[in-house]
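Quick caveat, the model's predicted, so the values are computed rather than measured.
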Amino acid sequence: MPVTETQTTNPRYRGRFAPSPTGPLHFGSLVTAVGSYLDAKSHQGEWLIRVEDLDTPRVVTGASRDFLLLLEKLGMEWDGEIVYQSQRHELYRDALSLLEKQALVYPCACSRREIADSGIIGINGPIYPGTCRNVSGNAYNRIKHRRQRAVRVRTDQRSVTLVDRTQGFLSQHIGNDIGDFVLHRADGIFAYQLAVVVDDAQQNITHVVRGTDLLDSTPRQIFLQQLLGYVTPVYMHLPIVTNDRGEKLSKQTFAAPVAQFNVSFQLVAALKFLGQNPPRELLDCDLNTFWQWAISHWNADNVTKTGMPTVFMT
């Protein structure tokens, strides 16, 4: 199968913002929301909301409701109905079944300790050594019918490349750099890599604008798109916001939530981080005026790989 690069032309722009409800939105999340929103609206496109709540142990009750209310307060208008991954298991199951019929996946009963003990290290840590990959006969059936087992995709020797709109050229050898990765976890949860690929295809997403922390995942997703016969969207990975210690803003680094007051200041700070040079007057205008200016002046070429310094990083 030939190497696939992201498309450069699409008849209709459809973008999305896909937060995980593991806590309140912080400034880093706001930057992603603003960047994806402006890129969609400046192309007269649609901006969809998808709540990525598959990893149920990490979901915080009420978080999705709170960030939707915050987006409304910020004046950000989405298109269509909100999609929740927790309600889409049948779609993921169908995709997995399609891969299984083509013998492109297999069950795996190896523990994390066993994988770590292999000593094979890739770009995201230990690489699965393929212990269950070529098991057949009775041994295969025993693994397949175990209650606790994962499902892995068979990777190969292809290199996947993409030209990201902000980060530039990226090439990844899926077999050597990643190895056979999990599509369905041993605890019964569908893996992010499969779910996001199915969702983007099912929602006809043409452009993905998200944080650079997901850049290394993109070749895996393109690989799955190739296997499933999906169209590959255009990718743009925005710089991530870090704290004073150089850590990505997150729940784990105790990032402060976006404040419910003085929202114009936070929106202007997001524009500055994305290199958009907003005028001082935007701090004092209403939200309609703010978004009119921001959409009409959005220039994706001004977004740098690491973001612009801004005084507002909390």
Side-chain angles (χ1 to χ4, degrees), residues 1-10 13-16 18 28 31-32 35-36 39 52 95 99 102-106 108 115-116 118-130 133 151-183 191-201 205-242 246 248 274-275 300-307:
M1 188 175 295
V3 172
T4 298
E5 294 189 4
T6 53
Q7 295 182 353
T8 55
T9 58
N10 287 282
Y13 188 115
R14 282 174 67 87
R16 47 60 161 196
V31 165
T32 301
S36 61
D39 203 59
E52 297 194 335
L99 294 173
Q102 301 176 70
L104 295 173
V105 296
Y106 61 92
C108 172
I115 297 170
S118 71
I120 307 172
I121 305 299
I123 62 175
N124 289 135
I127 292 179
Y128 179 65
R133 180 184 176 104
V151 177
R152 294 182 179 273
V153 64
R154 297 180 185 273
T155 57
D156 52 34
Q157 296 305 306
R158 81 186 71 184
S159 291
V160 173
T161 67
L162 73 145
V163 180
D164 187 82
R165 291 171 59 199
T166 297
Q167 305 300 324
F169 179 82
L170 176 67
S171 178
Q172 197 175 92
H173 190 290
I174 299 297
N176 293 344
D177 296 338
I178 299 297
D180 296 351
F181 54 96
V182 171
L183 300 184
Y192 166 76
Q193 306 296 352
L194 177 66
V196 71
V197 164
V198 172
D199 287 336
D200 284 343
I205 299 299
T206 63
H207 292 68
V208 173
V209 179
R210 59 188 180 186
T212 312
D213 53 320
L214 293 170
L215 181 61
D216 282 342
S217 292
T218 305
R220 267 170 281 178
Q221 292 164 26
I222 295 175
F223 175 73
L224 289 177
Q225 290 158 3
Q226 293 173 351
L227 295 185
L228 291 164
Y230 295 160
V231 174
T232 295
V234 177
Y235 287 97
M236 179 179 183
H237 286 83
L238 303 175
I240 59 172
V241 184
T242 58
K248 173 195 168 187
L274 292 170
D301 292 338
N302 286 348
V303 181
T304 65
K305 290 185 177 182
T306 58

* Could you give the distance from CG (Leu104) to CZ (Arg152), rounded to the nearest 0.5 Å? -> 16.0 Å

* To do: State, yes or no, whether a side-chain contact exists between Leu170 and Tyr235 at a heavy-atom distance under 4.5 Å.
  => no

* **Heavy-atom side-chain proximity of Gln172 to Ile123 below 4.5 angstrom** => yes

* Approximate separation, where rounding is to 0.5 Å, of Thr232 OG1 and Ile205 CD1 -> 13.5 Å

* **Test side chain to side chain contact (heavy atoms under 4.5 Å, CB included) applied to Thr306 - qualifying residues, sequence neighbours left out** => Thr304

* For Ser36, enumerate each residue passing the side chain to side chain contact (heavy atoms under 4.5 Å, CB included) test, keeping only those at least two apart in sequence or located in another chain. => Phe17, Trp47, Val209

* Structure fact -> Residues at least two apart in sequence or cross-chain that pass side chain to side chain contact (heavy atoms under 4.5 Å, CB included) with Ala18, listed by chain then number, are Arg16, Arg50, Glu52

* Grab the two heavy atoms, one from Ala191 and one from Val182, that are nearest each other, plus how far apart they are. => CB-O, 3.3 Å

* Asked: Do the side-chain N and O atoms of Tyr230 and Asp200 include a donor-acceptor pair separated by under 3.5 angstrom?
  -> no

* Structure fact -> Taken to the nearest 0.5 Å, the spacing of Leu162 CG from His237 NE2 works out to 7.5 Å

* Which residues satisfy the side chain to side chain donor-acceptor pair (under 3.5 Å) test with Asn302, sequence neighbours excluded? -> none

* For the pair Leu215 and Arg210, evaluate side chain to side chain contact (heavy atoms under 4.5 Å, CB included) and give the outcome as yes or no after the intermediate values. => CA-CA 9 Å; Leu215 181 61; Arg210 59 188 180 186; over 6 Å; no

* Rounded distance (nearest 0.5 Å) linking atom CG of Asp213 with atom OG1 of Thr32 -> 7.5 Å

* Can you name the residues that form a side chain to side chain contact (heavy atoms under 4.5 Å, CB included) with Thr166, not counting sequence neighbours? -> Asp164, Met236, Val303

* Asked: Can you check whether Ile174's main-chain N or O pairs, donor with acceptor, with Arg158's side chain at less than 3.5 Å?
  -> no

* His173 and Ser159, any side-chain heavy atoms less than 4.5 Å apart -> yes

* Would a 4.5 Å heavy-atom cut-off, applied to side chains only, mark Val208 and Thr218 as touching? -> no

* Any chance you could measure Gln193, atom CD, to Leu224, atom CG, to the nearest 0.5 Å? => 7.0 Å

* Asked: Do Thr212 side-chain atoms and Leu238 backbone N/O form a donor-acceptor pair below 3.5 Å?
  -> yes

* To do: Answer yes or no: is there a side-chain heavy-atom contact under 4.5 Å between Asp39 and Arg165?
  => yes

* Contacts of type salt bridge (charged side-chain N to carboxylate O under 4.0 Å, His left out), residue Asp177, not counting sequence neighbours -> none

* **Contact summary for Val153 and Asp180, nearest pair of heavy atoms** => O-CB, 3.1 Å

* Asked: Roughly how far apart are Gln221 CD and Asp216 CG, rounded to 0.5 Å?
  -> 11.0 Å

* Asked: Going by distance alone, is a donor N or O of one side chain under 3.5 Å from an acceptor N or O of the other, for Arg14 and His207?
  -> no

* **Check: Phe181 and Asn124 side chains under 4.5 Å, non-hydrogen atoms** => no

* Are any non-hydrogen side-chain atoms of Ile178 and Phe223 less than 4.5 angstrom apart? -> no

* To do: Kindly give the heavy-atom pair with the smallest separation between Pro239 and Lys305, and that separation in Å.
  => CB-O, 3.3 Å

